[in-house]
Amino acid sequence: MAIPNEAVLIQLASQGDNGAFEALVETYEKSMFNLAFRLVPDREDAMDIVQEVFLKAYQALPKFRGDSRFSTWIYRVCMNASLDHLRRKQRAQIFSLDEPLVLGESLVAREIRDGGDSIEDLVETRTLGDSIMEVLRDLEPVHRTVIVLSDVRGFSYQEIADIMGVSIGTVKSRLHRARNMVRRLLPPEQFVFPDVKSDERGDHR
């Protein structure tokens, strides 16, 4: 479900309105952190990825034509940024996004607020416990991604297909493999997979 006036915020942000862009950031930054942290998973790396996502979003907004939902589009940006990070890390390349974002003529230091909360307070856990997350870290990125989008974030098959840029059949196949991998690594009583309905749509912020 779109937030009120989101279309207006997107239009204003695409025209260089930093206030409108900040409103979009505030709406989506926690969800972006949740996804990045589940895929990476390292808190500092996830925060860096969130900064990268919003920098890319700011740069790309003038070309955003609404062919897909904004939420789907920005989740795709976050997924790709997270997977790129994993690939760079595997190649042992060091990078940093400590510098503030440059938005037009302004500098904005974007960080997830840290009021002393633990990671478990910052990240939605839903059906996955700590032991499950340990197993997910051992999965290949593509399988980790599909199970996070499905069983952590609760996306429908269609939404996952849109985010990942694949067919629904591919989503189902990858999810089946990923769940089987988890089942082989954990006792069955530790995990119950939620149903994913291809026609369900919800607010994933």
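All values reported here derive from a predicted model rather than from experimental measurement. Positions are given from 1, in the same order as the sequence printed here.
- The shortest distance between side-chain heavy atoms of Arg144 and Leu86 falls below 4.5 Å.
- For the 3.5 Å distance criterion, the side chains of Thr72 and Arg76 fail to qualify, holding no donor opposite an acceptor.
- Ring geometry for Phe33 against Phe37 counts as parallel: the plane angle stays under 30°, on a 0 to 90° scale with 60° as the upper cut.
- Using modelled atom types, no side-chain atom of Ser173 and backbone atom of Gly169 make a donor-acceptor pair closer than 3.5 Å.
- Checked for salt-bridge contact, Asp162 and Arg69 miss the test: no charged N lies under 4.0 Å from a carboxylate O.
- The hydrophobic clustering, which links ILVMFWY residues whose side-chain heavy atoms are closer than 4.5 Å, places Phe155 and Ile168 together.
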Practice problem: Take Lys56 and Asn80 through the side-chain contact (heavy atoms from CB on, under 4.5 Å) test and state the conclusion after the steps. | Solution: CA-CA 11 Å; Lys56 289 181 176 180; Asn80 288 334; over 6 Å; no

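- For the pair Leu35/Leu149, a side-chain contact is recorded, criterion being any heavy-atom separation below 4.5 Å from C-beta on.
- The CG atom of Asn18 sits 11.5 Å away from atom CG of Leu12, with the distance rounded to the nearest 0.5 Å.
- Between Ala23 and Thr27, the shortest heavy-atom contact is O-OG1, 2.9 Å.
- Once rounded to the nearest 0.5 Å, the distance linking CE of Met181 with NE2 of His176 reads 10.0 Å.
- At a threshold of 4.5 Å between non-hydrogen side-chain atoms, the residues Phe54 and Ile74 count as touching.
- Proximity of Phe70 to Leu61: side-chain heavy atoms (C-beta onward) are separated by under 4.5 Å at one or more points.
- How far CD of Gln11 is from CG of Asn5: 11.5 Å, rounded to the nearest 0.5 Å.
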Quiz prompt | From CA spacing to verdict: side-chain contact (heavy atoms from CB on, under 4.5 Å), Val182, Leu139 | solution = CA-CA 9 Å; Val182 173; Leu139 298 183; 4.3 Å; yes

Exercise. Check the pair Arg174 / Arg177 against side-chain contact (heavy atoms from CB on, under 4.5 Å), numbers first and verdict last.
Key: CA-CA 5 Å; Arg174 290 178 179 176; Arg177 291 195 199 100; 4.2 Å; yes

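- For the atom pair Gln15 CD and Phe21 CZ, the distance stands at 15.0 Å (nearest 0.5 Å).
- Note on ring orientation: taking the six-membered ring where Trp is involved, the planes of Phe64 and Trp73 are tilted (angle from 30° to 60°).
- Taking CZ of Arg153 as the reference point, atom OG1 of Thr145 lies at 13.5 Å (rounded to 0.5 Å).
- Residues Asp45 and Asp42 approach most closely at N-OD1, 2.9 Å, considering heavy atoms.
- Scanning both residues, Val146 and Val171, for their nearest heavy atoms gives CG2-O, 3.9 Å.
- The side-chain heavy atoms of Leu83 and Met79, taken from C-beta on, include a pair separated by under 4.5 Å.
- If you take OG on Ser14 and NZ on Lys63, they are separated by 13.0 Å, rounding to the nearest 0.5 Å.
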Exercise. Verify side-chain contact (heavy atoms from CB on, under 4.5 Å) between Glu6 and Ser71, making sure each step is shown before the conclusion.
Key: CA-CA 10 Å; Glu6 180 171 280; Ser71 59; 5.6 Å; no

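- The two atoms that bring Ser82 and Ala36 nearest to each other are OG-CA, 3.6 Å, heavy atoms only.
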